[in-house]
Amino acid sequence: DVASSFGAPTIKTSTDCKTGTDRVHEAINYLNVRHELAPNAIVVNIQGDEPLIRSEHIDTAIHLLEIDANASMSTIAVAEMDEKLFLNPNIVKVVKDRLDNALYF
């Protein structure tokens with residue numbers, strides 16, 4: 001509702017979606033069926049619990065996709081974290097390989 005209030009295009013997804021990733025998948029399928037999504041489109045998923053994400057972080061994630069034709073997704077991760085945040089089950093962790101490719105979250 002907030003995005004719609006300032007004119008941003010929005011898509012309401014099913015209540016059956018259990019995660020943000022499920023919602024993005026459903027929205028992309030909807031746009032593909034309507035032929036409204038370019039084949040080389042980059043879709044940015046900003047989670048509702050990250051309303052203050054910095055625009056330069058979004059730009060970095062997009063840039064990584066633009067420069068690597070083999071990349072199917074990108075994400076932003078922080079290299080250092082204090083122990084309290086590390087032990088917090090609500091903070092997503094990522095395991096990377098030596099080339100900084102995410103192995104799992």
Side-chain angles (χ1 to χ4, degrees):
D1 293 336
V2 173
S4 296
S5 74
F6 60 81
T10 61
I11 297 172
K12 293 277 188 182
T13 55
S14 165
T15 56
D16 294 336
C17 295
K18 298 197 183 324
T19 68
T21 302
D22 294 334
R23 285 186 286 281
V24 170
H25 179 66
E26 184 175 300
I28 289 171
N29 285 340
Y30 171 84
L31 292 171
N32 280 332
V33 166
R34 296 173 52 112
H35 305 287
E36 295 181 14
L37 192 64
N40 61 345
I42 294 175
V43 176
V44 177
N45 178 22
I46 301 172
Q47 297 290 331
D49 60 354
E50 289 288 340
L52 302 177
I53 188 169
R54 295 171 53 184
S55 62
E56 55 267 23
H57 293 160
I58 297 168
D59 292 343
T60 298
I62 292 170
H63 179 70
L64 294 170
L65 293 170
E66 292 173 330
I67 63 171
D68 185 351
N70 294 317
S72 60
M73 58 106 27
S74 68
T75 191
I76 301 298
V78 176
E80 296 180 39
M81 190 180 302
D82 69 31
E83 184 177 4
K84 183 178 176 183
L85 291 175
F86 179 76
L87 296 174
N88 184 336
N90 297 310
I91 303 290
V92 176
K93 287 77 171 180
V94 60
V95 175
K96 304 183 303 180
D97 66 15
R98 285 182 268 163
L99 299 175
D100 280 340
N101 295 307
L103 299 174
Y104 56 90
F105 298 86

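Atom CD of E83 is surrounded by 12 or fewer heavy atoms from other residues, nucleotides or ligands within 6.0 Å. Counting heavy atoms of neighbouring residues, nucleotides and ligands inside a 6.0 Å radius, atom NE2 of H63 does not exceed 12 of them. For F86, the CZ atom is loosely surrounded, since the number of other residues' heavy atoms within 6.0 Å does not exceed 12.
To the nearest 0.5 Å, atoms CG (L52) and NE2 (H57) are separated by 12.5 Å. Between atom CG of residue N70 and atom CG of residue L65 there is a gap of 11.5 Å, rounded to the nearest 0.5 Å. We find the CD-CD1 distance between E36 and I11 to be 7.5 Å, quoted to the nearest 0.5 Å. Taken from CG in N101 to CG in L99, the straight-line distance is 5.5 Å, to the nearest 0.5 Å.
Among all heavy-atom pairs drawn from A77 and V94, the shortest one is CB-CG1, 3.6 Å. Of all non-hydrogen atoms in I62 and S74, the two that sit nearest each other are N-OG, 4.4 Å. When all heavy atoms of K18 and R23 are compared, the pair lying nearest together is C-NH1, 4.3 Å.
For E26 (side chain) and S14 (main-chain N/O), a donor-acceptor pair under 3.5 Å exists by modelled atom type.
Hydrophobic clustering of Ile, Leu, Val, Met, Phe, Trp and Tyr side chains at less than 4.5 Å, counting indirect connections, unites I53 with V44. No chain of hydrophobic side-chain contacts below 4.5 Å, direct or via other Ile, Leu, Val, Met, Phe, Trp or Tyr residues, connects M73 to I28. Note on I46: it does not cluster hydrophobically with V43, by side-chain heavy-atom contacts below 4.5 Å among ILVMFWY residues. By the rule that hydrophobic residues join a cluster once side-chain heavy atoms approach within less than 4.5 Å of another member, L37 and Y30 end up as members of one cluster. Two different hydrophobic clusters hold V78 and I76 under the rule that ILVMFWY side chains link at heavy-atom gaps under 4.5 Å.
Looking at N88 and K84, their side chains never come closer than 4.5 Å, going by heavy atoms from C-beta outward. Side-chain contact between I91 and K93: present, with at least one pair of heavy atoms (C-beta onward) separated by less than 4.5 Å. Residues T19 and D22 form a side-chain contact, since some pair of their non-hydrogen atoms from C-beta on lies under 4.5 Å apart.
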